[in-house]
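Below is one structure; the comments refer to it alone.
Letters A, B, ... mirror the listed sequences (proteins, then strands); counts begin at 1.
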Amino acid sequence: MTEAVETRHFIQQMIDADIERGQWGQPGDRSVITTRFPPEPNGFLHIGHAKSILLNHGIAKEYGGRFILRFDDTNPVKEEQTFVDSIKHDVEWLGADWDGEVRFASDYFEQMYDWAVELIRKGLAYVDEQPVEDIRAQRGNLKEPGKESPYRDRPVEESLDLFERMKNGEFGNGEKVLRARIDMGSPNMNLRDPLMYRIVNATHHRTGDAWHIYPMYDWAHGLEDSIEGVTNSLCTLEFEDHRPLYDWFIEAINKDRDEKIHHPRQTEFSRLAISYTNMSKRYMKQLVDEGHVSGWDDPRMITIAGFRRRGYTARSLRMLATDVGVTKFNALVDMGRVENMIREDLNERAPRRMGVLDPVKLTITNWGEHGDDDRVEMMPVANHPKDESFGTREIPFGKDLYIEREDFMEDPPKKFFRLGPGREVRLRAGYWVTCTDYTKDADGKVTEIFCTYDPQTRGGNNPPPDAEGKVRKVKGTLHWVHGPSAIRAEVRQFDRLYMAERPGKKTGNHLDDLNPDSLEVLDGALVEPSLASRGPDEPEWEDGIRRFQFERQGYFCLDPDSTSEKPIFNRTVTLKDSWAKQQ
RNA sequence: AGCCCCAUGGUGUAAUGGUAGCACAGCUGGUUUUGAUCCAGUCAGUCCAAGUUCAAAUCUUGGUGGGGCUGCCA
């Protein structure tokens with residue numbers, strides 16, 4: 001055994017060095033470290049956001065600093081209060097508590113405006129009034145440099161006047177913009193006199209009609225970070241080319257200024273990508289809008305809400321975030337890893353139950369040999385095979401049972417360790433039974449299985465040795481339910497939404513890769529009666545969602561659609577199945 | 001094509017000029033009243049080329065491959 005060495009990712013190492021050097025104040029002061037998660041409230045959060053949230057929150061906590069939740073609400077036409085609410089809920093659910101009040105970029109509009117005026121005064125920004133097409137054409141392209149706007153050198157007073165009138169709502173949408181005066185010949189497109197403000201005459205979800213101009217991302221973002229004292233502005237790789245602009249704006253404000261504003265450090269890391277999924281908000285919206293899924297929280301969706309409804313725990317997502325690490329490499333994480341994380345968590349924490357998803361009737365023919373056909377025996381069974389603290393419960397066993405249809409074969413191969421004519425199996429925590437007969441309907445579907453039980457195997461225990469000292473053995477153990485006491489339930493089984501590793505890669509349309517069988521609803525499942533109410537062995541799940549392992553089947557959670565008459569269970573993930581793999 | 005970024009087993013990730021390690025997956029075996037779990041073992045890697053150096057996954061140069069950038073979105 002070698003010592004487990006804690007390895008620190010490149011961002012942690014950079015922050016360590018910054019602290020040592022005194023980048024943010026006194027050398028060695030860790031508590032200044034401030035991070036933020038800056039979502040735009042225009043949709044639901046997905047698993048990729050979870051990585052970012054957990055990274056930012058984790059760093060702030062590790063250093064004893066602050067983590068800020070800030071809504072980047074700079075585009076009134078796309079943003080809504082409902083998204084603010086759902087995002088707050090998701091961040092909270094993940095366990096990423098933020099420090100202080102939730103912030104909004106819109107709270108800083110006045111300050112940003114003042115700084116923009118300063119830039120105009122310094123000759124670093126100007127009002128352009130060309131049509132959008134002209135501005136676009138003048139930007140040039142990847143090979144050719146741009147051309148300067150005819151308004152680039154207009155007098156400062158003129159820009160000042162126009163900018164104020166833009167603010168006052170004197171112009172229509174798109175009639176004028178404020179641009180930074182940088183370099184139309186820069187090989188970095190972001191530096192070709194980028195827009196700072198555009199005119200949007202729309203009602204903002206928080207500021208109402210107070211503003212007619214709204215700041216662009218590049219101008220606004222660094223200022224928001226600066227105002228909040230963010231030390232480390234962490235974002236994804238595609239913003240790498242924006243960093244020079246991020247720095248330029250802060251420096252432009254600080255130029256010729258006595259009181260310098262805080263200059264955060266932007267660092268980029270690779271976004272989370274998972275096979276058989278797509279993180280595109282546009283794609284997800286299309287799935288919802290066109291009804292390919294039931295909503296943003298459809299358990300097949302990779303939104304945080306979707307994972308939650310599927311039965312994933314926040315802990316499993318945190319484990320995943322740690323597992324995938326933080327790098328600049330464009331990695332593709334296998335969906336199997338995500339599934340392993342929830343298995344690992346739920347294996348430890350989920351109490352065990354029995355439920356038969358696709359039932360077939362099994363009758364014990366020798367149960368009532370002494371005239372007591374209705375006899376029901378209560379069988380004790382452990383709620384967790386490895387953790388005694390879960391305790392035990394009692395489940396009823398009697399003449400009329402149900403087992404899983406796939407656990408019986410009329411003509412089973414040798415390696416099939418389950419039930420077949422003449423074969424003996426153990427019914428978990430029940431008795432050993434031997435199949436003596438079965439019936440089929442006109443379609444050839446098995447309708448009922450007849451067995452005898454061995455009274456010497458109560459609790460599923462081995463029978464006593466025979467005269468020669470040999471103990472009879474069985475290869476298989478099946479789950480089952482007692483018919484008269486079982487609860488009828490709906491079970492929703494999910495498979496991956498897309499069949500392609502990278503949806504849409506081949507044809508350009510992700511819908512082409514949709515899995516037509518991603519949802520299977522089983523209406524006639526039967527589960528043991530203990531599921532009717534919360535058992536003493538059920539953990540205090542932080543989100544209140546009841547989760548179980550249905551033995552030999554997988555992990556399931558109770559869906560909010562459940563009623564008192566009919567519980568609905570969502571299959572979170574199957575158990576690992578080496579038998580299925582053999583097939 | 002201009003600029004920027006990236007490259008270690010199948011996958012993800014360490015090694016910060018000095019023994020290429022860990023996890024997951026796979027495979028083999030053991031335990032097992034879940035074909036689960038658990039345990040043991042095992043397979044498998046530095047994109048290519050040149051250079052610097054006693055020593056290169058690590059530094060340099062060139063190539064190859066992948067990603068990003070031409071919204072009045074963020």
Could you check which nucleotide pairs with B:C72 in any of the strands shown, counting Watson-Crick or G-U wobble with both distances under 3.5 Å?
none
Base, sugar-phosphate, or nothing: which does A:Phe416 touch, judged by heavy atoms less than 4.0 Å apart?
base
Would you say B:U34 has OP1 or OP2 under 4.0 Å from some side-chain N or O of A:Lys475?
no
With A:Phe569, the ring pair (Phe, Tyr, Trp, His ring centres under 6.0 Å) member among A:Phe550, A:Phe556, A:Tyr555
A:Phe550
Can you confirm if the aromatic rings of A:Tyr113 and A:Phe163 lie within a centre distance of less than 6.0 Å?
yes
Base, sugar-phosphate, or nothing: which does A:Lys51 touch, judged by heavy atoms less than 4.0 Å apart?
nothing
Letter per nucleotide, 5' to 3', of nucleotides 68-74 of chain B [B base touched, S only sugar-phosphate touched, - untouched; heavy atoms, 4.0 Å]
BBBSBSB
Establish, with yes or no, whether the OP1 or OP2 oxygen of B:C3 is under 4.0 angstrom from a side-chain nitrogen or oxygen of A:Ser186.
no
Between the base of B:U11 and the side chain of A:Arg337, is there a donor-acceptor distance below 3.5 Å?
yes
Taking any heavy-atom pair under 4.0 Å as a contact, classify A:Gln549: base, sugar-phosphate, or nothing.
base
Kindly say whether, by distance alone, the side chain of A:Gln553 makes a donor-acceptor pair under 3.5 Å with the base of B:U34?
no
Within the 4.0 Å heavy-atom criterion, would you say A:Leu427 contacts the bases, only the backbone, or no part of the nucleic acid?
nothing
Quick one: label A:Lys386 by what it contacts on the DNA or RNA (base, sugar-phosphate, nothing), any heavy atom closer than 4.0 Å.
base
Quick one: label A:Ala331 by what it contacts on the DNA or RNA (base, sugar-phosphate, nothing), any heavy atom closer than 4.0 Å.
sugar-phosphate
For B:U34, does either OP1 or OP2 sit under 4.0 Å from a side-chain N or O belonging to A:Lys576?
no
Would you classify A:Phe417 as touching base, sugar-phosphate or nothing, given that sugar-phosphate means primed atoms plus P, OP1 and OP2, and contacts are heavy atoms under 4.0 Å?
base
Indicate the ring-plane relationship of A:His510 and A:Tyr283, choosing parallel, tilted or perpendicular according to the 30° and 60° boundaries.
parallel
Would B:G71 be called syn or anti here, given the cut-off of 90° from 0?
syn
Sugar-phosphate, base or nothing in reach of A:Arg343, heavy atoms under 4.0 Å:
nothing
Do any side-chain nitrogens or oxygens of A:Arg552 fall under 4.0 Å of OP1 or OP2 in B:G35?
yes
